[in-house]
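One structure is given here, and the rest of the page talks about it.
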Amino acid sequence: MTTIKGKSIEEWMKKFPDLYPILNYIPFYWNNPYAKNDKEAFQHQPLQLKDIQDAEERLERFAPFIAKAYPETESTGGIIESPLEKGDRIKARIEAITGQQIPGTFYLKLDSHLPISGSIKARGGIYEVLKHAETLLLENQLLSAKDNYRKIAGDTYREFFSQYTILVGSTGNLGLSIGVISAKLGFRVIVHMSADAKQWKKNLLRERGVKVVEHVSDYSKAVEEGREEAEKDSKSYFIDDENSSDLFLGYTVAAIRLKKQLEAQEIQISPETPMHVYLPCGVGGGPGGVAFGLKVIFGDAVKCYFAEPTHSPCMLLGMMTSMHNAISVQDFGLDNQTAADGLAVGRASGFVGKVMESLIEGIYTVSDEEMFRLITEMMDVEGIHLEPSAVTGLMGPAYVVQNNTRVTEKDIHLIWATGGSMVPDDIKQADYQKGMEYKNNPDAT
Ligand SMILES: *Cc1c(COP(=O)(O)O)cnc(C)c1O
């Protein structure tokens, strides 16, 4: 009989009855029993506000470089940020689909439209590459922290960086972000792509001169290959999506930016009328970093939820069982096969689950059919194309209203729409059509 960490599946199910729907791919909301209030949760955290501020200051130093290297960011002074928009129309559609009235106002955080790489990975991935570049330049006395970083866009620097290699393992979007910014700086770049990675993402990277290594296996293996290759060469730097605190910090900066956007739009939140934030989760760094930053800045006025595919609920299994990255969805017989390539991760990050277990309210799962249907609804009513991973946040509010707490008309539901603007038109069309079929035949979902 196969056992998982010494227990049979039956024993695990007995201990955690919620495993029944999860192991049968049935969409499910899990209320996190390990959640703590703000004060308790922050007693033992490894990262603090000053770490987030340090990351934000680094991005400010690089802003003149970004503005020069990417003219589309000139209007924001080289700050890579996404719009915050109201989502009244999609809210009405979600209420109709779920049959659930949802008190409160919907907002969409459109990371799908982040400049440079069109996904949430533009936060963490680009940040870590910039930090590494800065470290190399400072070590080699080619830069002082007081300089205007605009000059890094010049050929001298490209030549310097060309001696160095950056490696990463990815399901697609992280490779895209890191590949694009690294190639721009002049680094050699090698991206190990898992089998889920979409062809267009590989093509785009190759066009930019990035070496793409394709794997027939899943994301965890792609990461391992990248890590091993980097160890052989002292001028290679591996960006470790499973363990990197720099990636995580890059994502946390979103909270400082969001605070300014909320103020500008006069959106008020409080512990009594909180903002519920719904974040699609793969390995956990992106949603974990954003949620961590939000909790540091807003405390109990923010409540965070992660969304995962029914086929890849790695964070949910890890957190529920407290086994975190010691187990994978495959250990429990799940197949990790999903159209949500950004979330097609079988094993969660080694540290994110532990950091977040006291800080998030719950995790829920979404079926692939539901994702396509939501892509079509978003296009129809908001005119915004999102990729399958990025729509999963939309299912959250109905679950929250059904499953827990008091949700008032003054609450805010912030759906983090994590990617999609760079999807090629023919694929956008195909996704839309697929969603149309499910919409016309709801029993299929
Ligand atoms: C990567 C990704 C996520 C999740 O981020 P993780 O750090 O892997 O948890 C969500 N949405 C999209 C579109 C992504 O590419």
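Just follow the structure's listing: the first ligand is 1, and inside any ligand the first atom is 1.
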- Polar proximity ligand 1 side, V283 side, N/O cut 3.5 Å exclusive: yes
In the protein, which heavy atom is nearest to [atom], and how far is it?
atom: atom 7 (O) of ligand 1; answer: G286 N, 2.7 Å
atom: atom 14 (C) of ligand 1; answer: K121 NZ, 2.9 Å
atom: atom 5 (O) of ligand 1; answer: P287 CD, 3.5 Å

- Task: Decide, yes or no, whether a salt bridge links R373 with E377 under the criterion of side-chain N to carboxylate O below 4.0 Å.
- Result: yes
- Message: Any salt bridge linking D54 with R58? Criterion: basic side-chain nitrogen under 4.0 Å from a carboxylate oxygen.
- Response: yes
- Message: Heavy-atom pairs closer than 4.0 Å: do any link ligand 1 to the side chain of T418, the backbone, both, or neither?
- Response: both
- Should the proximity of L343 to ligand 1, defined as any heavy atom under 4.0 Å, be assigned to the side chain, the backbone, both, or neither? side chain
Sub-4.0 Å atoms of ligand 1 with respect to non-hydrogen atoms of [X]:
X: N173; result: 13 (C), 14 (C), 15 (O)
X: P280; result: 4 (C), 10 (C)
X: S389; result: 11 (N), 12 (C), 13 (C)

- Flag the pair F351 / F248 as yes when their ring centroid distance falls below 6.0 Å, and as no otherwise. yes
- Message: Testing the basics here: between V290 and A254, what is the closest heavy-atom pair and its distance to 0.1 Å?
- Response: CG2-CB, 4.1 Å
- Task: Ignoring hydrogens and angles, state whether a donor on the side chain of D411 or H276 is under 3.5 Å from an acceptor on the partner side chain.
- Result: yes
- Message: If the condition is side-chain contact (heavy atoms from CB on, under 4.5 Å), which residues does A55 pass it with, not counting sequence neighbours?
- Response: Y127, L249, V253
- Task: Please determine which of K121, K428, K201 meets the salt bridge (charged side-chain N to carboxylate O under 4.0 Å, His left out) test together with E387.
- Result: K201
- Is there a heavy atom in A390 that sits closer than 4.0 Å to ligand 1? no
